[in-house]
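Reviewing the structure listed below.
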Amino acid sequence: MDRSLVAFKDILKERRQEYSNFMWISRHLNPKVAYERLIKPTPKFHKEEVLKSRKIQEVIEKNCKENGALKGQLTKAVMIILDEIGFNKRITIIRWLGLLLTKICLNVYGGIHVNDKIYRIKELMGNKPIIFLPSHRSYADFILMSYLCFTYNIEIPAIAAGMDFHAMWGMGKVLRDTGAFFMRRSFNDDSLYWDTFRQYIYQLITEGDLPLEFFIEGTRSRSGKSLIPKYGLLSMVLKTFYTAAVPDILFVPINISYDRVLEEKLFAYELLGVPKPKESTSGFLKSLSIIKERYGNIYIDFGEPISARSYFGSFIDRSFHSIKPTYMQEFTEREKESTSELANNIVNVQQKCAVITTFNLIALSLTNSFMAGENKLHIKDHIEDVIWINNIVKSLGACTDLLDIEKNIETALDVHKGLVKVTSNDNVALVQNAVALNTSDPAKLKGHTLSQDTMTYSIPFIMLQIYVNPVMHYLADPCLISVIVEQHRNINIDDLFTQFTFFQTLFSHEFVSNYIGNYLKYQDLLKNLTNIRLLSSNKEEKCEIYEVLDFKIYNFFKNLIVPFLYTYYMVCDVLLQNKSAIREKCILVTVQSRFEELISARQKIVHPYSLNLDSITNCLSSFAVMGIIHREKINEDVVWSGNMEKVKEVREKLEPYLASLSSAQNNSNTNIFLASKL
Amino acid sequence: MRSNLKSNVCSNKTNSPVPVKNDKNQDAIIVNSAIPKNREEILKWNGWGYKDSQFTVKDGIIHFTGSRYPIGELSLPYFTQWVKDVFDADLTKFHKPQDMPQEETYPPPKITEENYTLLSNLDIAFSTKGVDRLFRAHGHTLHDIYTLRESFFERIPDIILWPKCHNDVVKIVNVANECGMVIIPFGGGTSVTGSVLCSKTEARTIISLDTSQMNRILWVDRDNLVVCCESGIIGQDLEREIKKLGYTVGHEPDSYEFSSLGGWVATRASGMKKNTYGNIEDLLVHVRMVTTKGVLEKNCQVPRMSCGPDFNQVILGSEGCLGVVTEVILKIRPLPKTKRYGSVIFPDFESGLKCMREVAKQRCQPASIRLMDNEQFKFGQSLRPTPGYFGLILDGLKKLYITKIKGFNVNSMCVMTLLFEGDTKEVEAQEKKIYEIAGQVGGIPAGQINGERGYMLTFVIAYIRDLGLEYYILSESFETSVPWDRAISLCRNVKYVIGEECRKRNIRHFMICSRITQTYDAGCVIYFYFAYNYRNTNNPVEVYEYIEDKARDEIIASGGSLSHHHGIGKIRMKWYPATVSEVGVNLFKAAKEELDPNNVFASGNIVKSKL
Ligand SMILES: Cc1cc2nc3c(=O)[nH]c(=O)nc-3n(C[C@H](O)[C@H](O)[C@H](O)COP(=O)(O)OP(=O)(O)OC[C@H]3O[C@@H](n4cnc5c(N)ncnc54)[C@H](O)[C@@H]3O)c2cc1C
């Protein structure tokens with residue numbers, strides 16, 4: 001996979017050069033639609049068709065019979081739901097927003113770099129439903145996608161948005177007018193609502209002309225890593241294909257990589273369990289103060305479009321659904337499996353399309369130094385580190401934007417000056433701001449009530465980790481291999497594979513991957529790691545034996561994986577302390593408070609990222625998938641229970657890794673690594 | 001083996017038209033067929049229909065020759081333009097087909113001396129002449145016609161036999177069964193499924209049993225309104241003769257000028273006017289089929305019975321694999337007093353379909369009701385000697401009304417054609433009802449002439465393929481039946497698939513259009529026409545077949561049937577098991593095994609016989 005930045009074009013460049021942005025936004029528009037219809041369907045038409053559909057009419061009738069409701073009332077209820085869901089399209093709003101966005105983007109972004117592949121995708125449009133599936137790291141994803149379409153004369157998609165936007169005064173309407181439609185959270189079990197929503201999607205796919213856009217990860221990833229995909233919307237979309245209501249659907253996985261994420265601070269708080277402030281318009285306006293800051297570059301890349309027709313090819317027999325009306329059809333087991341497989345594939349392609357920015361490399365270097373217990377990091381050493389890391393990352397298949405080294409680093413540091421700074425004696429350090437906690441109500445905390453001190457100390461590290469995480473898709477597997485090989489010394493290829501697969505499975509929610517248990521990929525990886533001389537291999541009795549060769553690389557990998565290993569270990573420990581069922585909240589609180597103790601003791605190096613709730617819940621989910629524990633909802637609480645023997649086994653597997661690590665380091669001076677802002 | 005055997009036309013003793021008494025001691029009607037026994041006298045050897053009727057290019061303009069059809073002797077400038085626009089056809093590049101083979105170039109018939117003697121002593125007309133064998137070696141698929149024009153069949157029948165009655169057929173079947181010969185029944189040869197093709201690997205002697213000389217109307221039963229015919233009678237003869245008596249059968253497949261009663265039964269044919277008269281299975285009251293085990297028939301002439309599974313249904317659609325249909329009793333109706341055409345235009349296909357659906361729901365279908373999509377509508381409009389694609393339908397004020405006032409889009413509107421038959425009052429009432437329903441979904445009546453044209457085109461359209469092949473344009477149609485709710489998606493899906501397949505192959509000039517040709521309570525019938533310019537394509541027929549296969553896959557995926565009336569033949573065998581289930585296949589095989597253990601009827605249609 002050889003990707004280079006040459007294929008990317010900065011769409012802001014023309015905006016910077018042109019005489020009048022206004023002229024541009026008011027240009028004649030004849031955007032490319034996904035599916036040309038003889039008569040362009042209006043948003044209102046879609047809603048009417050949904051209401052008229054056999055499905056909804058039958059639902060209404062059934063409801064009337066069963067609950068004695070009046071037909072008129074139910075019809076009205078459906079109309080209200082449709083008004084809540086349905087997108088709208090007001091081109092004047094789009095144009096004005098286009099102008100506003102241009103002004104903002106020109107201020108805050110260095111560039112919005114879009115891969116030329118977009119032209120090919122545009123060529124494929126016109127005669128079938130097309131679905132844009134961007135990665136979701138920021139609210140900006142929405143806006144950028146629409147802006148991109150506006151720029152390339154592609155019809156702005158109908159975009160699935162969460163209800164939180166809907167609630168925002170004014171904002172909800174603006175988004176709706178630019179093509180957003182709204183979807184309630186899945187735990188809502190109002191069947192009239194879901195029938196209507198499903199029918200609405202069915203309508204948009206089978207009779208609509210716009211591209212559809214939604215986030216397969218379901219929500220913004222706070223950590224910067226991919227999330228396990230959600231299947232709900234994808235199933236609704238695919239149903240039209242499985243039942244042959246449409247001949248094909250084109251899925252376009254898209255990656256949006258940010259130099260700096262708008263919500264970095266918020267995410268850091270959320271990862272620690274401080275609830276996300278409810279989206280409110282004033283909050284949004286406040287976030288407009290963002291305009292004063294700089295956010296560096298954005299890279300948007302497209303995966304090879306996946307045609308449902310060729311993807312499912314002959315192994316899905318659509319004629320299965322030929323008997324019984326289309327709207328009464330249920331998914332077959334095979335279709336369900338295929339749906340989730342496709343979803344995983346889409347996420348995988350999104351990962352492959354990432355661009356690793358210079359600041360990601362900087363974050364890796366800083367984290368590595370911190371974990372290595374270094375007191376300070378001179379800018380010169382730092383630059384060297386970054387170059388060294390860049391090479392590693394690239395040899396593992398990533399595409400990075402580090403070209404003009406000194407300049408890129410300087411710009412990146414400038415963009416992130418709120419987080420990292422170069423001190424007067426040319427050391428690179430994290431910026432620490434005192435965190436005022438009095439604003440947050442402890443009852444609202446998801447986990448443990450962390451002290452002000454812990455928060456102040458941890459937040460910068462967490463923010464930094466948000467920039468390490470996007471690279472973890474390339475690094476997680478090498479990290480795991482490294483620590484296993486070093487732990488087991490001279491391990492043969494098959495045992496290594498067994499261990500490796502165990503860890504991949506354990507981290508299946510942490511490091512979402514499509515290749516768990518894939519021997520071919522594993523062999524490739526080993527080859528790669530031998531090539532970069534991390535490992536050496538010897539043949540012993542016809543069997544490959546591996547050991548660590550380059551300890552610098554090894555340490556780098558080890559340092560990156562330890563915070564995760566630590567959290568998972570702690571989760572096991574906490575689970576084991578409770579003989580019976582345990583409330584999820586209790587797990588979160590206990591794990592966090594234990595780490596808080598360790599961190600404030602400053603006895604050994606504990607990365608504050610170990611505190612993050614995301615990893616704790618990932619760990620629980622993995623355990624659940626592995627059949628170790630299971631989740632139950634008792635009253636309002638989520639409760640976990642299960643096979644403690646198996647938990648113990650996992651802990652025993654993890655223990656040696658941590659033992660060998662933590663004993664070695666004893667550094668009380670970690671604070672030096674931080675610089676207070678003032 | 002013998003070769004260069006002479007035809008024995010003269011030796012047939014029953015050749016002179018002596019009035020024949022039938023079972024009921026009435027005089028049978030001896031039908032003087034429009035198609036002579038020597039088909040080559042008036043039929044093309046390598047194309048569709050009559051020799052004197054064809055499209056030709058004169059001074060760069062397309063004409064239709066002959067006076068058999070209403071567009072005969074006319075020049076067609078708009079059609080010429082349409083062909084150029086749609087297919088980028090170059091009418092200066094005539095692609096000459098090969099000449100008819102010389103008699104001595106035919107492969108010698110595979111037949112032993114004994115068998116030859118046996119057959120020639122049956123007192124049944126026969127021939128081993130090459131031209132006779134070639135004429136009966138094929139049907140009318142694109143593949144068949146292309147082969148005639150460009151190459152030769154790998155296997156053709158060895159001998160033609162012309163039985164003149166049921167008993168002749170019994171004799172032939174017995175001899176063939178005893179002496180290890182193969183029989184392929186041949187009616188009008190209009191099959192579009194490869195069903196009359198000889199199996200390439202067949203080593204036995206292949207007899208083509210031509211039913212054309214077994215075409216009497218044996219008796220007419222006016223009390224019960226039925227007629228008993230021999231199976232070789234062809235559509236136009238049957239209608240002409242029965243009309244003289246004041247009746248009609250009303251079975252009009254588009255091929256009815258040439259196709260035979262036996263062929264209809266053997267393929268489960270469907271006629272244009274089935275709404276009034278019924279499909280072949282509705283018309284059929286009684287049928288005799290000669291098998292190697294004897295004659296399969298019922299002992300009474302009743303309208304319906306409950307006596308176990310209906311074996312008529314085993315005969316219907318048997319595609320010549322189980323035996324020979326010899327005599328059929330069909331329903332007849334008094335001739336309708338009024339026959340009127342009509343047409344309605346709709347803003348788009350969807351609203352046209354809605355109208356058809358509603359008509360079916362109210363069960364007020366006239367004799368025929370069809371809906372052409374926009375492409376086909378334009379094509380139809382081009383086939384006339386007046387200006388503009390829309391000139392006729394949209395004359396003067398009307399055009400203004402339709403496009404300006406009603407806002408119809410010329411690139412989406414489509415036309416529904418209607419044929420009413422019955423009492424004058426009935427017809428009027430029907431017309432009123434249909435136009436009312438049409439009006440509710442935005443349809444506007446567009447007159448009788450447009451309707452009539454539509455139906456005339458049905459017969460002429462078959463001639464176009466030959467013209468196309470002369471200018472590197474290949475065309476073929478295929479059909480399906482589908483529940484109402486899936487009709488639109490099926491059409492869209494199939495068109496999409498064909499479009500994509502063409503693009504993949506860099507076929508830039510092609511047309512895919514569709515037409516709803518029949519309606520039922522629970523669904524409708526869809527016809528697709530696909531044509532493309534193959535100038536830049538190697539193996540055009542293979543490519544075509546590949547694309548039709550893809551289209552068929554998509555039809556089936558979209559809830560359509562493998563075939564509504566053309567049948568399985570050889571070209572659709574691979575989908576048959578999935579269509580009828582494994583049990584169904586075995587049931588068919590068991591019937592075949594029982595009726596024809598030696599596989600005399602080895603045309604190999606529907607399922608591969610193991611012999
Ligand atoms: C231009 C065109 C239009 C057509 N339109 C229609 C249409 O509107 N509706 C429709 O249903 N079909 C249509 N067809 C298809 C075809 O005309 C029908 O399948 C017709 O029934 C075939 O009759 P045939 O006499 O020509 O049979 P053939 O082509 O001679 O034979 C067809 C099959 O029937 C068998 N067969 C023939 N006679 C007998 C017999 N006496 N006993 C046992 N088996 C026999 C043959 O062995 C063969 O398997 C059309 C074909 C063409 C070329």
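Note that the structure is a prediction, hence the values are computed from the model and not measured.
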**Asked** Looking at A/Leu38, A/Thr206, A/Asp317, A/Ile323, which one has more heavy-atom pairs under 4.5 Å with chain B than the rest?
**Response** A/Leu38
**Item:** Interatomic distance, B/Asp485 atom CG to A/Thr326 atom OG1 [nearest 0.5 angstrom]
**Value:** 5.0 Å
**Prompt:** Nearest 0.5 Å, what's the CG-CD1 distance between B/Asp348 and A/Ile39?
**Reply:** 5.0 Å
More than 12 heavy atoms of other groups within 6.0 Å of [X] [atom1]:
X        : atom1 : result
A/Glu36  : CD    : no
B/Lys361 : NZ    : no
A/Arg334 : CZ    : no
B/Lys574 : NZ    : yes
A/Phe320 : CZ    : no
B/Lys354 : NZ    : no
A/Lys324 : NZ    : yes

**Complete:** Quick note, side chain to side chain donor-acceptor pair (under 3.5 Å) partners involving residues 234-245 of chain A, not counting sequence neighbours, are A/Tyr242-A/Thr339
**Asked** Looking at A/Ala244 and B/Ala557, what are the two nearest heavy atoms and their distance?
**Response** CB-O, 3.2 Å
**Prompt:** Which bit of A/Arg54 is near chain B, if near means a heavy-atom gap under 4.5 Å: side chain, backbone, both or neither?
**Reply:** neither
**Request:** Anything in residues 486-508 of chain B with a heavy-atom distance to chain A below 4.5 Å? Please list those residues in order.
**Result:** B/Arg486, B/Ser489, B/Arg492, B/Asn493, B/Tyr496, B/Val497, B/Glu500, B/Arg503
**Request:** For A/Arg309 and B/Glu554, run salt bridge (charged side-chain N to carboxylate O under 4.0 Å, His left out): C-alpha distance rounded to whole Å, both residues' side-chain angles, the deciding distance at 0.1 Å, then the answer.
**Result:** CA-CA 10 Å; A/Arg309 215 182 156 67; B/Glu554 189 63 18; 2.8 Å; yes
**Complete:** With chain A, the option among B/Val482, B/Asp553, B/Ile556 that has the most non-hydrogen atom pairs under 4.5 Å is B/Ile556
